[in-house]
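The next block holds one structure in the form of structure tokens; read it before the comments.
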Protein chains: 2
Amino acid sequence: MISLPAALDARMQRESQMTFFEYMVLSVLSEEPDRTMQMSALAARASASLSRLSHVVGRLEKRGLLARSRIPGAGRRTNTTLTEAGYDVVVAAAPGHVAAVREYLIDELEPRDLKALQRIGTAVETAINRGPAPSAAATPASQRRP
Amino acid sequence: MISLPAALDARMQRESQMTFFEYMVLSVLSEEPDRTMQMSALAARASASLSRLSHVVGRLEKRGLLARSRIPGAGRRTNTTLTEAGYDVVVAAAPGHVAAVREYLIDELEPRDLKALQRIGTAVETAINRGPAPSAAATPASQRRP
DNA sequence: GTGTAGAACTTGATGCGTCAAGTTGATGTT
DNA sequence: AACATCAACTTGACGCATCAAGTTCTACAC
């Protein structure tokens, strides 16, 4: 669990000149129908803090891969939208990433272990997010019940 | 796999004022009979680059948790040894860490999934380390066959 | 209609990780 | 004996993450 994320990140940077986390952000956006998402929602989907996301989005915006726009009439909400250039970048990076995941993980496992891994993943995520103080990144206020 | 290391690291810093990686270093040393290890070997066991380890060991030395000493008559090799204070720190931090691992992972899994996880771990490690250029951290020159 | 609380970010300082380049010993090579 | 090479680190610069503090809206209270 220590080595895999590191390995995927290293490969991402070598092959596509971006962080694994940057890829996640772009990738999540690319899967939305309008390639747009509110910052908080994006942070939740990328399991990052709003602060981290803000920094990263700032950089990606400078690179022209996405754009920010205030949502009018609704608090201080901000939308981020993938640009064409940004979409092209994700599309170019995706196959390499998928190949890496296969190579390091999926192709190495028997079907039963793959299923086990899925169970483990959800179990761990649940366990972490039911701690004494569920993190803001995991369950942002806008999705929290009153 | 993204969330678990992050969660364990966060807890380590909250409860024991050190990085998860710092804990690993101290912990590995504490398991040696003489609480001593050569830098390269330590790097391999902690799956880190020599550079990273050097920085971290520098900090831990400043905190008085370990000490460095040149190995005489053998290249430029350096030993790091856990101090008493360092040992006490590991001993104090260990129970909390074990509890965290149980809470987030082990206690959540059925026995068969735990066994699967073990298989997955070794499979992934192998897959990563047989890449085109096996990393120096994983197989340091001193352990590499000619 | 002022005041307070809170949500949704943004910003700046600090610290750790990484990469490239430098040191320092030992081991051959000619 | 001089030189090149290599292994085992160390160091410095730079980038990214985190934390605490600030900003900017809305909404509700009185």
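Everything numeric here is computed off the predicted structure, so don't read it as measured data. Proteins come first, then strands; the chains are lettered A, B, ... in the order of their sequence lines, and each starts at number 1.
Taking every side-chain heavy atom of A:F21 into account, D:dA17 is the closest of D:dC25, C:dC9, D:dA17. With C:dA8, C:dT18, D:dA17 as the candidates, the nucleotide lying closest to the side chain of A:S40 is C:dA8.
Under a 4.0 Å N-O distance rule, the pair A:E125/A:R130 does not qualify as a salt bridge.
Between the CG atom of A:L50 and the P atom of D:dT24 there is a distance of 17 Å, rounded to whole Å. Whole-Å rounding puts the B:L53 CG to D:dA8 P distance at 14 Å. As a whole-Å value, the separation of A:K62 NZ from D:dG15 P is 11 Å. Taking atom CZ on B:R77 and atom C1' on C:dT27, their separation rounds to 12 Å, with Å as the unit. Here the P atom of nucleotide D:dC14 and the NE2 atom of A:H55 are 20 Å apart, to the nearest Å. Per the geometry, CE belonging to B:M39 stands 17 Å off P belonging to D:dA7, to the nearest Å. Between B:E61 atom CD and D:dT10 atom C1' the separation is 12 Å, expressed in whole Å. Residue B:I71 contributes atom CD1, which lies 7 Å from atom P of D:dC9 at whole-angstrom precision.
A:L8 and A:I120 fall within the same hydrophobic cluster, defined by Ile, Leu, Val, Met, Phe, Trp and Tyr side-chain heavy atoms under 4.5 Å apart, directly or through other members. Grouping the Ile, Leu, Val, Met, Phe, Trp and Tyr side chains by contacts below 4.5 angstrom, directly or via other members, places B:L42 apart from A:I2.
A donor-acceptor pair under 3.5 Å is formed between the side chain of A:E61 and the backbone N or O of A:R68. Although no hydrogens or angles enter the test, the distance criterion places no donor-acceptor pair under 3.5 Å between the side chain of A:S54 and the main chain of A:S51. A distance-only check finds no donor-acceptor pair linking the side chain of B:S16 to the backbone of B:Q13 [under 3.5 Å].
Counting only heavy atoms from C-beta outward, the side chains of A:E22 and A:R59 approach each other to under 4.5 Å. Here the side chains of A:R63 and A:M18 are in contact, with some heavy-atom distance below 4.5 Å.
Place A:Q13 and B:T19 on DNA chain C by their nearest nucleotides, and B:T19 ends up nearer the 5' end. Map B:E22 and A:R76 each onto its nearest nucleotide of DNA chain C; the residue landing nearer the 5' end is A:R76. When each of B:G75 and A:R52 is assigned the nucleotide of DNA chain D bearing its nearest heavy atom, the one mapping closer to the 5' terminus is B:G75.
A donor-acceptor contact under 3.5 Å is formed by the side chain of B:S51 with the base of C:dC19.
Atom OG in A:S30 sits 7.0 Å away from atom OH in A:Y23 (nearest 0.5 Å).
For the OP1/OP2 pair of C:dG17 and a distance below 4.0 Å, the side-chain nitrogens and oxygens of B:R59 include at least one atom meeting the criterion. In terms of phosphate contacts, B:T78 brings a side-chain nitrogen or oxygen within less than 4.0 Å of OP1 or OP2 of D:dC9. Side-chain N/O atoms of B:R68 include none lying less than 4.0 angstrom from OP1 or OP2 on D:dA8.
B:Y104 carries B:R11 over the face of its six-membered ring, with the cationic atom under 6.0 Å from the centre and within 45° of the normal.
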Just the table, please: protein N/O against nucleotides 4-6 of chain D N/O, every pair under 3.5 Å.
none

Return the polar atom pairs (N/O with N/O) between nucleotides 1-3 of chain D and the protein under 3.5 Å, or none.
none

